[in-house]
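To start, the structure itself, in structure tokens.
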Amino acid sequence: KQEVTQIPAALSVPEGENLVLNCSFTDSAIYNLQWFRQDPGKGLTSLLLIQSSQREQTSGRLNASLDKSSGRSTLYIAASQPGDSATYLCAALEGGSARQLTFGSGTQLTVLP
Amino acid sequence: EAGVAQSPRYKIIEKRQSVAFWCNPISGHATLYWYQQILGQGPKLLIQFQNNGVVDDSQLPKDRFSAERLKGVDSTLKIQPAKLEDSAVYLCATRVNTGELFFGEGSRLTVL
């Protein structure tokens, strides 16, 4: 059974700092890995999707990498802003016909002005 | 393109009462998921549909939870009777062929 872990559970950084959020998964037979952002009281917004054959994806100040062999993904946020404050979740979609999606517990990010 | 619509956004009920949540997915998205998210935790899968067929309901507490997806479009999730521990946000999501998921805003349930 896939298990997804995110460390740290919470992170506080000053504005302008570059930061890395970590995601690890136990079963490397994934179809893709997706990063989401969740604001308080809101649903999940998709940030980046990395297919199993890809190593990284970039969108603006965000860069996500995937290393299937080590069971790890990272989300890099450049030049952080207070508006980046939110909970960031990663989710691994398994291969095969079932395609179950397993989430981590998230990293709560606070960017201080 | 319209997003995933969910209703109601908020619901407060007393324990042992029943509640139903509704999800209207993005048009053409065959795969639909219901997740339960308890405060401070990641979403936990309750049930997965492919069109109107159930793919995975192994984590659905079937003694009190039920879900259906008629005609492979809209879906409803029902809880009867509700318990205090059912207080959570219920998220509906749909998936495209690339594997990307799109979520609704969620339905926040408080059981008193």
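Labels below follow one simple rule: chain letters A, B, ... track the order of the sequence lines, proteins then strands, and each chain is numbered from 1.
- Within the 4.5 angstrom heavy-atom criterion, no atom of A:Q6 approaches chain B.
- Among B:L101, B:L45, B:L91, B:V89, the residue with the largest count of heavy-atom pairs under 4.5 Å with chain A is B:L101.
- Taking the side chain as every heavy atom from C-beta outward, A:L44 and B:Y35 never approach each other to under 4.5 Å.
- At a threshold of 4.5 Å between non-hydrogen side-chain atoms, the residues B:E100 and A:N32 do not count as touching.
- For the ring-ring contact (aromatic ring centres under 6.0 Å, His included) test, no residue two or more places apart in sequence or in another chain qualifies with A:Y31.
- When hydrophobic clusters are built by joining Ile, Leu, Val, Met, Phe, Trp and Tyr residues whose side-chain heavy atoms come closer than 4.5 Å, directly or via intermediates, A:I50 is grouped together with A:L21.
- Residues B:V4 and B:W34 do not share a hydrophobic cluster, defined by chaining ILVMFWY side chains whose heavy atoms lie under 4.5 Å apart.
- For B:K62, the NZ atom counts as densely surrounded, since its 6.0 Å shell holds more than 12 non-hydrogen atoms of other residues, nucleotides or ligands.
- Between A:L101 atom CG and B:Y33 atom OH the span is 6.0 Å, to the nearest 0.5 Å.
- Interatomic distance, CG of A:L93 versus OG1 of B:T31, reported as 9.0 Å (0.5 Å rounding).
- Looking at B:Q41, only its backbone comes within 4.5 Å of chain A, counting heavy atoms on both sides.
- Heavy atoms from other residues, nucleotides or ligands lying under 6.0 Å from CD of A:E3 number 12 at most.
- Here A:Q34 is the residue among A:Q51, A:K42, A:Q38, A:Q34 with the most heavy-atom pairs under 4.5 Å with chain B.
- Residues A:W35 and A:V4 fall within the same hydrophobic cluster, defined by Ile, Leu, Val, Met, Phe, Trp and Tyr side chains chained together at heavy-atom separations under 4.5 Å.
- Note on B:L84: it clusters hydrophobically with B:Y90, by side-chain heavy-atom contacts below 4.5 Å among ILVMFWY residues.
- Of the listed residues B:R9, B:Q37, B:R108, the one with more heavy-atom pairs under 4.5 angstrom with chain A than any other is B:Q37.
- With a 4.5 angstrom heavy-atom cutoff, A:Q108 does not touch chain B via any of its atoms.
- Between B:P43 and A:L89, the closest side-chain pair of non-hydrogen atoms falls below 4.5 Å.
- There is no path of hydrophobic side-chain contacts, each under 4.5 Å, that joins A:V13 to A:Y76.
- With a threshold of 4.5 angstrom between heavy atoms, B:Q6 does not approach chain A through any atom at all.
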